[in-house]
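Heads up, the thing below is written out as structure tokens.
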Amino acid sequence: MGILDRLNPMQREAASTIEGPLLILAGAGSGKTRTLTHRIAYMIHEQGVNPWNILAITFTNKAAGEMRERVDDLVGGGAEAVWVMTFHATCVRILRRYIDLLGGYDTNFSIYDTDDQKTVMKAVMKKLNIDPKQYKERTLLSAISHAKDDLISVQEYERSTFGDFTKAVIARAYREYQETLKRSNAVDFDDIICLTVELFQKHPEVLESYQNRFRYIHVDEYQDTNLAQFKLISLLADRYRNLCVVGDDDQSIYKFRGANIRNILDFEQHYPEAKVIKLEQNYRSTQFILDAANAVIHNNYARKDKALWTDRGEGEKIRFMQCDNAYEEAEYIVDDIRSKVRNGGNYNQFAVLYRTNAQARLIEERLVLKGIPYNVVGGTNFYSRAEVKDIIAYLKTVENGQDEVALRRIINVPKRSIGAASIGKIEDYAEIRDYTLFQAMQYASEIPGLGKAAARIEGFVNLIRVLRAGLEDLGVSGTIRKIIDSIDYEEYLQDTYDEDADDRIENVEELYNKAVAYEESAEEPSLHEFLEQVALVSDLDNVDNGDGRVLLMTLHSAKGLEFPNVYLAGMEDGLFPSYMSISSGDQEELEEERRLAYVGITRAMDHLTLTAAKMRMQHGETQFNAVSRFVKEIPTELLDGYLPARKSRDDYDSSERFGGYESSYGRGFGEAPERKAAVAKPRAFGRRGSAPETVKPFIAQGVSALGAAGITKGVAGGGAPDYAVGDRVRHVKFGAGTVTALVSEPRDYKVTVDFDAHGPKVMYASFAKLVKL
DNA sequence: CTCCTTTGTCTTTTT
DNA sequence: GACAAAGGAG
């Protein structure tokens, strides 16, 4: 009878548990979206929950769109009232109503993307006299971003600096950056979340209204939430505590963006009454593919133990191919795809995944050569193209005159001969009168020293005024058209770019088309909503493989997708795992890479091919990379094709850890690796021969990493286990048993115990905490 | 103010 | 190898 009949028992239990906190640990391909959508349908249809009271939060628009569609299908009428949205869209919606309560912001705020943030930071550094050679804007921005992810305010950050000079610099930059954004009535991506948290904390009445509205909350991809998002969710869920989170700690791959894997690992601590349900049946891949994925991920520590299984049968072995260079790798992959399609297949059943976007190029070239249709997912965002950003900046200036980043971008584009000197004079004037830049520009004729520039500035101000006046009649698309015409933008593009002017003009037209499409679909079209979509939607969201094309994308973009045939290209130490993660000596970074490998492997339904190149151009120089350690972590019996030399734990020495770089500075180095030397010279640094500062900490950390590698057992579980095969041991949960096998693995000892009451179990020594009897 | 050459950087990137 | 930013010359 019910909606839940089509679910397996565990899925059904998860879907029917609607009261109280619930953690669904959903392995790759275990039907997580299906479970969530059925849960929502069950609530509405069989438990009489008002759709209005349900919130489902995702990370990507794509995931939100998919869920929206499936909920609509299952629920039918009334489903529109369910909020299915991304974190950012949810928060923007809340801020558009209430941000003015925080003071200093107005509800027509701009949203700054990464480029805009850089622009702001550059200005901040200039203003504060921060030496750009000593501090990169990227570093400062990422420090600020991480502070915001952790809900650390400017004041708190300032208090925590103590004698730390670098932190003090960051604190100054943080304060000025935040003040600049506020002056511009703008928020960045991180602000969207943490200002909402701030709003809830400072205005309990607002929080309460949303708590009452969202009685049932779902969070997808919970493993990727950061502290701010966690706080947001826990505030919202605090009243009714009906919080359902879904995730897979093994697929947490966004630590570098502030995701905190502890949120999912510690869910039961935060919510002691929580119910935990594991979905371990995989409906996607063959057993061999799952075995390989399980074997790789088992080398990680920080994870909840689980084992994916399938009833799909063993399937085919995983293929491994090491080519001489990256060209041959591309050739191998493309030829393989072509021959498989000739034997009856469709190009849309194939995906090539890689670690870095730069790897796409060679494969693309080969695909073009063979006339195979393909799509590259990601790479450069449509909205980050200069010509698109120009028009967007005009629109932002029309919407929000305080937006300085937008204003400065267009003030002299196309060239109006308003240069740095004139802008400086306007700035001074604005400072004295406490005006915004745009306000000051309206008094150009009064500003001393502008001379002829004053008239040109007035012309510009007038243009914006006219655009504002016409907005209501013309709408968004009409205003875009008017901008293009008034500034002769297409002519400007033609003059400025000789090579690709036509492409750029096309992009501008595409933006116009998007605006038209937006106006057709929106209930109540507005400029700020259009700008919001532009800021929050990426072209990743439009990935569609209905038209028979091979898909190329990074491993990160591939999360959540599945393909019958998957190629993982560039399986090399130094590329994947990345050079950074190896050289940092930080185990956590390496574990994140390993999770990425896990994500990659589990994208494959039937056929998985791993490829590597012995020699590859990276950053303009030839690198000789060793086969990725992740390939070596896959049991030999699952691999087909050329098999790399197997490595035992003890071979994970320095030359291996920083593997593959030997050839860059002379052969024979790897034969009898002198440990210190191997650590100190992992790689021939940039061609200009300068050893960057990173080398020093690198050496220090490298040595400690080496130390850690050398005494893995110690790190793993406080030394080698004190029991051996044949010994009797006791386990907290399973009771007494006999040790039947003890295998030393890179990170830990794998111990098999035949328990008296529960039969044989395989476990990792550091987790099992077995006591010798 | 603008154009051209030199210099430095370079993982991933849901929003 | 590719691209952006800074610095110097016109």
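Just the heavy atoms: all of them, side chains too, but no hydrogens, waters or symmetry mates, feed the values below. The sequence lines fix the lettering, A, B, ..., with proteins before strands; numbering per chain opens at 1.
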Could you check whether the side chain of A:R138 and the base of B:dT9 have a donor-acceptor pair of N or O atoms closer than 3.5 Å, going by distance alone?
no

Respond yes when some side-chain nitrogen or oxygen of A:S581 is under 4.0 Å from OP1 or OP2 of B:dT11, and no when none is.
no

Please report, rounded to the nearest Å, how far the P atom of B:dT12 is from the CD atom of A:Q359.
9 Å

Kindly say if A:R361 contacts the phosphate of C:dG1, meaning a side-chain N or O under 4.0 Å from OP1 or OP2.
no

Who passes side chain to side chain contact (heavy atoms under 4.5 Å, CB included) against A:K122, sequence neighbours left out?
A:E137

Report the residues that fulfil side-chain hydrogen bond (donor to acceptor under 3.5 Å, both in side chains) with A:D220, sequence neighbours left out, ordered by chain and then residue number.
A:K32

With sequence neighbours excluded, residues passing side-chain hydrogen bond (donor to acceptor under 3.5 Å, both in side chains) with A:R408:
A:E404, A:E427

Gap between atoms CZ and C1', on A:F87 and B:dT15 respectively (whole Å):
11 Å

With side chain to side chain contact (heavy atoms under 4.5 Å, CB included) as the criterion, how do A:H556 and A:F256 come out once you've worked through the C-alpha distance, each side chain's angles and the decisive distance to 0.1 Å?
CA-CA 12 Å; A:H556 283 87; A:F256 71 96; 3.6 Å; yes

Could you work out, with side-chain hydrogen bond (donor to acceptor under 3.5 Å, both in side chains) as the rule, every residue matching A:Y489, not counting sequence neighbours?
A:D390

Length of the line joining A:E593:CD and B:dT12:C1', which is rounded to integer Å
8 Å

Non-neighbouring partners of A:R416 that pass salt bridge (Lys or Arg N to Asp or Glu O under 4.0 Å), sequence neighbours left out
none

How are the rings of A:Y210 and A:W83 set relative to one another: parallel (under 30°), tilted (30 to 60°) or perpendicular (over 60°)?
tilted

Classify the ring geometry of A:Y518 against A:F530: parallel below 30°, tilted from 30° to 60°, perpendicular beyond 60°.
tilted

Residues which pass side chain to side chain contact (heavy atoms under 4.5 Å, CB included) with A:D131, listed by chain and number, not counting sequence neighbours
A:K133, A:Q134

Answer yes or no: does a side-chain N or O of A:T114 lie under 4.0 Å from OP1 or OP2 of B:dT13?
no

Show me the dot-bracket string of DNA chain B, counting Watson-Crick or G-U pairs under 3.5 Å, with | for pairs to another strand and [ ] for crossing ones.
||||||||||.....

Give the rounded distance in Å between these two atoms: OH of A:Y383 and C1' of B:dT15.
14 Å

note: A:H556, atom NE2; B:dT15, atom P; distance rounded to Å ~ 14 Å

Across all chains, not counting sequence neighbours, the side-chain hydrogen bond (donor to acceptor under 3.5 Å, both in side chains) partners of A:K148 are A:Q178, A:D188, A:D191

Could you list, one pair per line, each protein nitrogen or oxygen that sits under 3.5 Å from a nitrogen or oxygen of nucleotides 4-10 of chain C, together with the distance?
{"from": "C:dA5", "atom 1": "OP1", "to": "A:K122", "atom 2": "NZ", "distance (Å)": "3.4"}

Residue list, ring-ring contact (aromatic ring centres under 6.0 Å, His included) with A:F87, at least two apart or on another chain
A:F59

Return the value, rounded to whole Å, for the distance between atom NZ of A:K255 and atom P of B:dT12.
17 Å

N/O contacts under 3.5 Å, protein versus nucleotides 1-6 of chain B?
{"from": "B:dC1", "atom 1": "OP1", "to": "A:G419", "atom 2": "N", "distance (Å)": "2.2"}
{"from": "B:dC1", "atom 1": "OP2", "to": "A:A420", "atom 2": "N", "distance (Å)": "3.2"}
{"from": "B:dC1", "atom 1": "OP2", "to": "A:A421", "atom 2": "N", "distance (Å)": "3.3"}

Below 4.0 angstrom from OP1 or OP2 of B:dT15, is there any side-chain N or O of A:N226?
no

Round to a whole Å and report the spacing from NE2 of A:H88 to P of B:dT13.
16 Å

Counterpart residues, side chain to side chain contact (heavy atoms under 4.5 Å, CB included), relative to A:A143 (two or more places apart):
A:I170

